[in-house]
Trainee: 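Input: one structure, supplied below.
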Amino acid sequence: MAADVLDEVFERVISSRIFRNRDILSPDYIPEKLPHRENEIRRVGSVLAQVLRGSRPNNLFIYGLTGTGKTAVTLYVLKRLVEKARQLGVRVSYVYVNTRQRDTPYKVLADIASGVGLRVPFTGLSTAEVYARLVRALSRDTGFLIIVLDEVDWLVRRRGDDILYKLTRIGYELPRDAVKVSIVGITNDVRFVEMLDARVRSSLGEEEVVFPPYNAEQLRDILWDRAREAFQPGAVDDAVISYCAALAAREHGDARRALDLLRVAGEVAERENAPRVTVEHVKKAWSQLERDRVREVVRTLPLHARLVLAAALLATRLQPATTTGELYTIYRRLARSMGLEAVTQRRVSDIVSELDMLGILNARVVSRGRYGKTRMISVAADPATLEEVLREDRRLAALLEAKAV
DNA sequence: CATCCACAGGAAGGACGGGGGT
DNA sequence: ACCCCCGTCCTTCCTGTGGATG
């Protein structure tokens with residue numbers, strides 16, 4: 001009997017009425033065509049193509065909001081460039097590091113090192129030692145190396161621009177006939193340059209390309225482009241695509257979100273054994289994506305951060321926004337009732353900032369004149385989802401049960 | 001118009017656990 | 001075995017500040 005159930009599942013997956021090739025909608029997929037990014041491809045390409053003439057490309061800075069195709073365009077250009085270079089007998093390689101996931105100087109250097117075939121332990125060495133080894137390895141290398149630092153604003157915000165400075169100067173440490181290194185910095189934050197040391201700024205900003213967000217119409221083109229290959233004929237219609245595009249356009253034209261949305265909508269439809277994807281499926285997908293995101297974030301939060309979150313949740317039951325001081329009072333009460341030593345208000349302030357950056361809380365600084373300067377803190381994520389995730393911890397569930405704040 | 005609130009947020013550093021090189 | 005380094009949380013101490021109030 002169990003076999004019959006499984007057979008049914010297998011059959012459904014194999015002969016999907018929805019998907020033809022789901023991978024085409026995956027976030028890692030680099031498509032052959034990038035609609036509405038022709039100008040950007042041309043600009044990035046003409047900077048990096050200098051290697052084909054045997055000269056080091058200028059360092060390049062790419063700005064644009066999330067999901068505007070910065071990463072896709074960069075990787076697309078590099079992939080094509082490496083192919084072309086090989087035909088011409090030019091040695092070109094590149095290393096891609098997402099500094100949001102690899103958010104310390106050590107990890108970034110270690111990734112670059114392993115990208116050029118150097119084995120580096122993931123901890124234990126000093127950063128200076130990894131740098132020295134990297135320099136040694138590069139000294140023996142020839143050709144061109146392009147280092148892509150994606151979401152580099154995260155790294156700089158948290159760790160400063162020291163490694164950026166070092167990396168932009170790595171060429172001076174190498175023999176003249178060794179590899180020529182170029183840096184491509186990608187950032188979501190336009191004001192990011194202001195955080196940089198003037199020397200880094202001028203070095204990294206030798207060339208700049210700005211990626212404008214997509215509008216709903218462009219998003220539709222992008223979605224259709226992928227949907228045609230990813231879905232079975234007739235499995236999606238224009239209403240579904242337009243709806244995805246509209247939702248994503250509202251989120252500053254984020255194509256990644258749009259594609260995620262479409263993929264998950266397809267998955268929902270498949271699970272329901274529906275003949276095709278509907279707008280309802282997209283709506284479900286939207287909330288599922290949000291839940292996944294919140295769950296993922298909350299799960300990795302340290303205990304006191306979760307307590308702060310619980311405190312914020314309790315506070316919003318009474319009022320839309322809470323000051324830092326009020327939040328701290330509630331938090332302290334929660335901590336004490338759990339028999340925990342409360343962390344300082346300074347620490348809670350940092351936790352709030354982190355939660356704000358993660359999009360779980362909203363915190364904006366306001367001045368209330370005589371009544372001081374503080375932050376008004378509110379819950380940004382869906383409260384019900386948040387509560388559900390927090391309740392996975394039994395002790396927190398008990399705290400959230402309490403009516404009185 | 002100066003004052004002064006209630007914090008913001010920078011700087012320095014420490015405890016601790018996970019992991020080196022030699 | 002020894003000492004070293006890093007990242008994560010956290011503390012302590014600190015200077016800075018927008019604008020209602022007196």
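Chain letters run A, B, ... following the sequence lines, proteins first and then strands; every chain starts at 1.
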Trainee: Backbone N or O of A:G369 within a donor-acceptor pair of the A:K373 side chain at under 3.5 Å?
Mentor: no
Trainee: Checking side chain to side chain contact (heavy atoms under 4.5 Å, CB included) against A:L149, which of A:V95, A:L167, A:I163, A:T187 comes through?
Mentor: A:L167
Trainee: Angle class for the A:Y331/A:H304 ring planes (parallel below 30°, perpendicular above 60°, tilted otherwise)?
Mentor: perpendicular
Trainee: For A:A128, which contact category applies under a 4.0 Å heavy-atom criterion: base, sugar-phosphate, or nothing?
Mentor: nothing
Trainee: Nearest whole angstrom, please: distance from the P of C:dT8 to the CG of A:L301.
Mentor: 14 Å
Trainee: For the pair made of CG in A:L109 and C1' in C:dG7, what is the distance, rounded to whole Å?
Mentor: 15 Å
Trainee: Quiz question: going by heavy-atom distance under 3.5 Å, is there a donor-acceptor pair between the base of B:dG10 and the side chain of A:R346?
Mentor: yes
Trainee: Calculate the interatomic distance between A:Y328 atom OH and C:dC10 atom C1'; express it in whole Å.
Mentor: 12 Å
Trainee: Of the listed nucleotides (B:dG9, C:dC6, B:dG21), which one gets closest to any side-chain atom of A:P121?
Mentor: B:dG21
Trainee: What's the closest nucleotide to the A:P105 side chain, out of B:dG21, C:dG7, C:dC10?
Mentor: C:dG7
Trainee: Using a heavy-atom cut-off of under 4.0 Å over every strand shown, decide if A:Q345 touches base, sugar-phosphate, or nothing.
Mentor: sugar-phosphate
Trainee: Evaluate side-chain contact (heavy atoms from CB on, under 4.5 Å) for A:Y29 paired with A:L259, printing each intermediate quantity in order.
Mentor: CA-CA 11 Å; A:Y29 181 79; A:L259 289 163; over 6 Å; no
Trainee: Starting at atom OH of A:Y131, determine the distance to atom P of C:dC6, rounded to an integer number of angstrom.
Mentor: 16 Å
Trainee: Could you walk me through whether A:K166 and A:L109 pass side-chain contact (heavy atoms from CB on, under 4.5 Å), step by step?
Mentor: CA-CA 10 Å; A:K166 280 197 150 183; A:L109 286 174; 6.0 Å; no
Trainee: Can you work out whether A:R133 or A:R375 has the more 5'-proximal nearest nucleotide on DNA chain B?
Mentor: A:R375
Trainee: Which comes earlier along DNA chain B counting from the 5' end, the contact point of A:V365 or that of A:G372, where each point is its nearest nucleotide?
Mentor: A:G372
Trainee: When you measure from the side-chain N and O atoms of A:T324 to the phosphate of B:dA8, is any distance below 4.0 Å, counting only OP1 and OP2?
Mentor: yes
Trainee: For A:E129 and B:dG19, give me the distance from atom CD to atom P, rounded to whole Å.
Mentor: 19 Å
Trainee: In whole Å, what is the span from the NZ atom of A:K373 to the C1' atom of B:dT3?
Mentor: 16 Å
Trainee: Under 6.0 Å between ring centres: does that hold for A:Y63 and A:F211?
Mentor: no
Trainee: Are A:T344 and C:dT12 close enough that a side-chain N or O sits under 4.0 Å from OP1 or OP2?
Mentor: no
Trainee: Between the protein and nucleotides 20-22 of chain C, list every N/O to N/O distance that falls short of 3.5 Å.
Mentor:
from: C:dA20; atom 1: O4'; to: A:R370; atom 2: N; distance (Å): 3.4

Trainee: Counting only N and O atoms by type, is there a donor-acceptor contact under 3.5 Å from the side chain of A:T99 to the main-chain atoms of A:E151?
Mentor: yes
Trainee: Picking from C:dC10, C:dC6, B:dG9, which would you name as closest to the side chain of A:I351?
Mentor: C:dC10
Trainee: Whole-Å distance between C:dC5 C1' and A:K107 NZ?
Mentor: 14 Å
Trainee: For B:dC7, does OP1 or OP2 lie under 4.0 Å from any side-chain N or O of A:S349?
Mentor: no
Trainee: Measure the distance from CG on A:D350 to P on C:dG7 and round it to the nearest whole Å.
Mentor: 18 Å
Trainee: Quick one: which of C:dC9, C:dG7, B:dA8 gets closest to the side chain of A:P302?
Mentor: C:dC9
Trainee: Taking A:S337 for its side chain and A:L334 for its backbone only, find out whether a donor-acceptor pair lies under 3.5 Å.
Mentor: yes
